[in-house]
Participant: 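Please see the structure below; I have some questions.
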Amino acid sequence: MQNHAPYSAHAMIDGIRQNIYCSVLGQTDWFLLSVMPYGTLDRAVSSLNSDRTRSMLLSGGIIFICFLLIFIQYYRMSHEQLEDLRMAEQEAVKASMAKSEFLSSMSHDIRTPMNGIVGMTAIAQANIGDTSRVTDCLAKIALSSKHLLGLINDVLDMSKIESGKLSLNTHIVSLRETMDSIVNIAQPQIKAKSQVFDIFIQDIQTESVYCDSVRLNQILLNLLSNAIKFTPEGGSVHVYLRQDDSPLGAGFVRCQFTVKDTGIGMTKEFQRQIFDKFSREQSQQVHKTEGSGLGMAITKAIVDAMGGTIEIRSTLGEGSEFRITLDLERAAVQELDMALPPWKMLVVDDDEDLCRSAITSLKEIGIQAEWAAGGKLAVDMARKRHAVNDDYQIILLDWKMPDMNGLETVRELRRHLGDDVPILIISAYDWSDIEDEARAAGAQGFISKPLFKSNLFLGLSPYMLGTEKKEEAKEEKAQHFVGKRILLAEDNDLNWEIASEILSEEGFVLDRAENGLVCVDMFSKSEIGHYDVILMDIRMPVMNGYDASKNIRALNRSDANLPIIAMTADAFSDDIQHSRECGMNEHIAKPIDVERLMQILSNYIK
């Protein structure tokens with residue numbers, strides 16, 4: 001206290017141990033002296049120490065558990081990453097092996113048609129004076145060239161798909177024209193393998209839809225060419241188109257395209273990987289068949305891009321069935337006024353669904369029709385009507401039937417009915433292959449399958465309405481292009497020679513522009529209406545086709561809106577879209593499809 005300093009001590013007071021604490025009270029001479037039993041303070045301190053110990057242990061435990069959880073999560077993520085890396089390594093090895101196998105197969109598949117082209121060219125040159133031999137060589141060169149082009153297109157399409165640049169060019173598409181197109185393309189392959197081929201439609205609600213026609217053709221041709229390739233000689237390949245109401249609403253229609261064959265079929269294991277890139281069944285029959293292993297992967301990618309589905313049913317050794325389902329927007333197209341006189345007609349085909357579908361379409365255009373599921377029944381029905389002077393006024397007859405084929409049926413019908421009743425052949429086969437035989441038996445004409453309503457109307461009109469015959473129409477078409485002028489922008493001499501030769505034979509007069517700038521200059525200096533159409537290459541020096549088209553459209557001329565058609569090797573959907581954005585009306589890919597080129601020109605040149 002004399003030192004004015006705090007003080008604490010222990011003391012025994014009355015035999016009890018006490019804590020003594022002395023402290024100075026501020027700026028005074030007073031002191032506060034506290035005497036407290038030793039146990040009370042000791043318990044408080046001990047309690048504080050226990051609480052602190054428990055808190056430290058609890059905090060340490062929580063921190064430990066957190067670190068443990070973090071470690072477990074880190075370990076799990078590391079393990080998953082290692083597993084992903086292992087799987088990626090396996091996939092990379094698998095892809096590398098697949099690509100190596102693909103390149104090996106592709107090398108063989110490319111060299112095969114190349115060998116045919118080079119070999120047939122050499123043979124043709126060595127036999128230049130033998131017209132028949134040269135013609136045969138040229139036909140084989142053309143076939144090999146188309147196969148080679150198909151392989152190249154597959155590789156380029158797969159590159160587009162992998163880079164995410166697959167796009168669709170949607171426009172109005174005629175399903176009738178689409179089905180006609182694939183039938184015409186497939187016929188030579190079908191004929192070469194003596195296969196049974198037929199095409200059926202059912203419940204058609206609309207013939208025109210919004211779709212990418214090129215991609216739709218690609219899907220169907222991929223499936224059809226596979227069916228033909230993997231079906232042995234004498235086997236059957238059938239194509240079906242059915243329409244139903246779409247779940248997307250009244251503005252859409254659900255289209256189901258089915259390709260069915262009696263070919264080699266597929267194993268269950270291969271069905272699970274058929275849509276993988278570079279994937280081909282490992283069997284002796286498949287190895288003998290040329291192909292890139294990309295067709296089905298491309299088909300699946302296109303179907304997905306179109307919002308559709310693809311299903312497979314296949315049994316090894318028995319055949320395969322592929323079904324494509326697409327919900328397509330209906331196109332509002334002004335239909336022809338399809339009305340025919342109420343003639344009594346007989347439809348003869350061994351397929352009941354085809355007969356019922358044809359009967360429905362015929363009734364819609366005004367015809368009273370009956371059907372018979374076979375030649376013998378048809379002859380019996382026609383004979384009974386003839387006996388009561390109530391003949392059918394026209395008969396549609398399938399060429400391929402099991403009980404009595406078309407040839408025999410025509411002969412029997414003519415024997416009972418005479419020559420007055422028109423008998424028309426309906427078939428998915430090329431009319432030129434059977435025309436002589438059919439006409440000799442008594443048939444008078446032909447309507448190609450599938451039997452869309454428009455097909456039936458156009459095929460029956462010449463016999464029921466007295467419209468011009470096909471031969472006259474062909475003559476008129478042949479004279480249609482005579483004297484029409486084309487300005488062709490093409491920098492490649494060989495391409496110019498090919499296009500010039502093809503178009504000159506059709507009656508066109510051609511002028512050449514070596515690049516886009518020359519094309520613009522020649523057009524701007526020409527008289528108004530001098531050119532009927534411009535065919536425009538895209539990749540040219542000085543000025544490309546896109547810029548040339550823009551410049552022509554910008555000219556202050558009354559004919560600056562003339563048709564400009566891109567004719568180029570840039571054949572992808574985005575190339576087509578870009579050409580349209582630059583003012584071009586149509587797009588034709590090289591190598592030139594002459595038939596399609598003529599069809600497009602006839603649409604624009606009046």
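Keep in mind that this is a model prediction, so the values were computed, not measured. Sequential numbering from 1 along the given sequence is applied to the chain's residues.
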Participant: Charged N to carboxylate O under 4.0 angstrom, K449 versus D198?
Facilitator: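 So K449 pairs with D198 through a salt bridge.
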Participant: Please determine if D493 and R512 form a salt bridge, counting it only when a charged side-chain N lies under 4.0 Å from a carboxylate O.
Facilitator: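 Yes, charged N to carboxylate O under 4.0 Å.
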Participant: Carefully, step by step, assess N492 and W496 under the rule side-chain contact (heavy atoms from CB on, under 4.5 Å).
Facilitator: CA-CA 6 Å; N492 185 281; W496 156 256; over 6 Å; no
Participant: Taking only Lys NZ, Arg NE, NH1 and NH2, and the carboxylate oxygens of Asp or Glu, determine whether R356 and D353 approach each other closer than 4.0 Å.
Facilitator: no
Participant: Flag the pair D244 and R242 as a salt bridge only when some basic side-chain nitrogen lies within less than 4.0 angstrom of an acidic carboxylate oxygen.
Facilitator: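 Salt bridge flag = yes for R242 with D244.
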Participant: Using modelled atom types and a 3.5 Å cut-off, is there a donor and acceptor pairing between side-chain atoms of Q243 and backbone atoms of Q205?
Facilitator: yes
Participant: Indicate yes or no: does R323 engage E321 in a salt bridge with an N to O separation below 4.0 Å.
Facilitator: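 Between E321 and R323 there is a salt bridge, with a charged N closer than 4.0 Å to a carboxylate O.
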Participant: Using the side-chain contact (heavy atoms from CB on, under 4.5 Å) rule, take L223 and M296 through it: C-alpha gap first, then chi angles, then the decisive distance, then the call.
Facilitator: CA-CA 8 Å; L223 297 179; M296 294 311 299; 3.7 Å; yes
Participant: Within a reach of under 6.0 Å around CZ of R76, are more than 12 heavy atoms found that belong to other residues, nucleotides or ligands?
Facilitator: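 No, CZ of R76 has 12 or fewer neighbouring heavy atoms, counting only those of other groups under 6.0 Å.
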Participant: If you count every heavy atom of other residues, nucleotides or ligands that lies below 6.0 Å from E89 atom CD, does the total exceed 12?
Facilitator: no
Participant: Please collect all ring pair (Phe, Tyr, Trp, His ring centres under 6.0 Å) contacts where either partner lies in residues 183-209, sequence neighbours excluded, each pair once.
Facilitator: F200-H238, F200-Y240
Participant: What I want to check is whether the side chains of R330 and T206 have a donor and an acceptor closer together than 3.5 Å.
Facilitator: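 Judged by distance alone, the side chains do not pair up.
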Participant: Using only atom types and a distance under 3.5 Å, with no angle test, would you say the side chain of D537 pairs donor to acceptor with the backbone of A566?
Facilitator: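 Here the side-chain-to-backbone pair does not exist.
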Participant: Can you confirm whether more than 12 heavy atoms, excluding those of K260, are under 6.0 Å from its NZ atom?
Facilitator: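 No, NZ of K260 has 12 or fewer neighbouring heavy atoms, counting only those of other groups under 6.0 Å.
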Participant: Against I324, only a single residue in V259, I302, I219 fulfils side chain to side chain contact (heavy atoms under 4.5 Å, CB included); can you say which?
Facilitator: I219
Participant: Are more than 12 heavy atoms, taken from residues, nucleotides or ligands other than E497, located less than 6.0 Å from that residue's CD atom?
Facilitator: no
Participant: Counting neighbours of CZ on R553 that are heavy atoms of other residues, nucleotides or ligands and sit closer than 6.0 Å, is the number greater than 12?
Facilitator: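 Yes, enclosed.
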Participant: Would you check if L503 and L601 make a side-chain contact, meaning some heavy-atom pair closer than 4.5 Å?
Facilitator: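 Counting from C-beta outward, L503 and L601 do come under 4.5 Å.
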Participant: Please name all residues satisfying ring pair (Phe, Tyr, Trp, His ring centres under 6.0 Å) with F252, sequence neighbours left out, ordered by chain then number.
Facilitator: none
Participant: Quick one about R580 and Q577 (side-chain donor to acceptor, distance below 3.5 Å, no hydrogens or angles considered), yes or no?
Facilitator: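 Looking only at side-chain atoms, R580 and Q577 do not form any donor-acceptor pair under 3.5 Å.
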